[in-house]
Amino acid sequence: MRTDSQAEYAFMPLYPRCLKALIMGVFIVWHLGACSVTPTASSERTLYEELGGEAGVEQLTHDFIRQIAADERIKGRYRNSDIGRFHRMMVEQMCMETGGGCTYTGDDMRQTHAGMKITRVEFNAIVEALMRAMDNNGIDQGVQNRLLAIYAPMHQDIVLR
């Protein structure tokens, strides 16, 4: 069983991404934030289900945190954080935002990031970490784009607050 200790994530290797994928991810986050994220009429599966349901979201979140812990640009931001709580809140939020029927019990993004002054570089590093985690979990590119489109509008509530 996985533990929630911060040490579990501390020494994970960083997997470099190619520049093309980075540019694509940033483009998606900044330019597709207003896109509709609801399933199409021909699709009956929610994004939550396409991510693998509870087990898939748990694993994606776990890998996402490992990617953050391996990234020198951002891991220091989490040094004094309750990683177990971060994991739980991320799972709740992702479940709710993707149609899994969960209730997110954490603070809104503006409150959570107030006073942190997170830069665009740091925000982009978080996006890259999520993209690496999705790639590592074999998540289809279309599903990745839909998830990134959900989180894109949060940029305004996170960067330089």
Side-chain angles (χ1 to χ4, degrees), residues 2-12 14 17 22 24-38 46-48 50-137 139 143-161:
R2 186 167 56 233
T3 67
D4 289 329
S5 71
Q6 190 171 9
E8 177 180 358
Y9 302 104
F11 299 104
M12 300 299 154
L14 178 63
R17 299 242 332 144
L22 172 60
M24 183 175 155
V26 171
F27 173 82
I28 291 167
V29 170
W30 284 342
H31 297 288
L32 296 181
C35 293
S36 173
V37 185
T38 57
T46 64
L47 181 54
Y48 180 73
E50 291 190 52
L51 289 169
E54 181 180 355
V57 169
E58 281 278 347
Q59 186 61 47
L60 176 58
T61 301
H62 178 74
D63 290 348
F64 175 50
I65 293 170
R66 290 170 59 111
Q67 292 298 322
I68 290 170
D71 193 319
E72 293 295 329
R73 298 170 295 175
I74 54 177
K75 74 179 187 179
R77 286 273 186 185
Y78 296 87
R79 185 167 290 123
N80 297 318
S81 297
D82 179 345
I83 298 300
R85 182 175 193 284
F86 175 70
H87 182 270
R88 286 188 306 278
M89 293 299 100
M90 190 71 204
V91 167
E92 278 183 14
Q93 184 186 54
M94 191 178 298
C95 174
M96 182 189 77
E97 295 287 348
T98 60
C102 301
T103 300
Y104 175 62
T105 60
D107 294 330
D108 67 42
M109 293 297 97
R110 187 173 288 269
Q111 285 179 308
T112 299
H113 298 92
M116 293 179 72
K117 299 190 185 314
I118 295 172
T119 67
R120 288 182 190 267
V121 169
E122 291 169 320
F123 183 83
N124 291 345
I126 293 290
V127 172
E128 292 172 44
L130 181 57
M131 291 173 64
R132 284 190 304 272
M134 289 189 290
D135 283 346
N136 291 346
N137 281 274
I139 296 173
V143 174
Q144 287 189 29
N145 290 345
R146 289 173 54 206
L147 184 60
L148 290 170
I150 288 171
Y151 284 108
M154 295 178 191
H155 176 268
Q156 66 189 3
D157 292 331
I158 295 172
V159 173
L160 297 175
R161 297 283 168 222

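For reference, positions follow the sequence shown, starting with 1.
Side-chain polar atoms of Gln59 and Asp63 form a donor-acceptor pair below 3.5 angstrom. Inspection of the Glu92 and Thr103 side chains reveals no N or O donor paired with an N or O acceptor under 3.5 Å.
Summarising the geometry of Tyr151 relative to Met90, their closest heavy-atom pair is OH-CE, 3.6 Å, with the distance given to 0.1 Å. Scanning both residues, Gln144 and Ile139, for their nearest heavy atoms gives NE2-O, 2.9 Å. Minimum heavy-atom separation, Met109 to Ile158: CB-CG1, 4.2 Å. When all heavy atoms of Gly99 and Tyr48 are compared, the pair lying nearest together is C-CB, 3.9 Å. The two residues Arg146 and Thr46 come nearest to each other via the heavy atoms NH2-C, 4.4 Å. The heavy-atom pair separating Leu51 from Val143 by the smallest distance is CD2-CG1, 3.7 Å.
Here the side chains of Leu147 and Thr98 are in contact, with some heavy-atom distance below 4.5 Å. Side-chain atoms of His113 and Met116, non-hydrogen and from C-beta on, do get closer than 4.5 Å to each other. The side-chain heavy atoms of Thr119 and Val159, taken from C-beta on, include no pair separated by under 4.5 Å. Using a 4.5 Å heavy-atom cutoff, the side chains of Met131 and Gln67 are not in contact. Looking at Asp157 and Asp108, their side chains never come closer than 4.5 Å, going by heavy atoms from C-beta outward.
The residues Arg132 and Asp71 are annotated as salt-bridged, a charged nitrogen and a carboxylate oxygen being separated by less than 4.0 angstrom.
For the ring-ring contact (aromatic ring centres under 6.0 Å, His included) test, residues two or more places apart in sequence or in another chain that qualify with Phe86 are Tyr78.
Residue Glu122 is tested with Arg77, Lys117, Lys75, Arg73 for a salt bridge (charged side-chain N to carboxylate O under 4.0 Å, His left out); the sole match is Arg77.
Taken from OG1 in Thr112 to CG in Asp107, the straight-line distance is 4.5 Å, to the nearest 0.5 Å. Atom CG of Leu47 is separated from atom CG of Asn145 by 10.5 Å, given to the nearest 0.5 angstrom.
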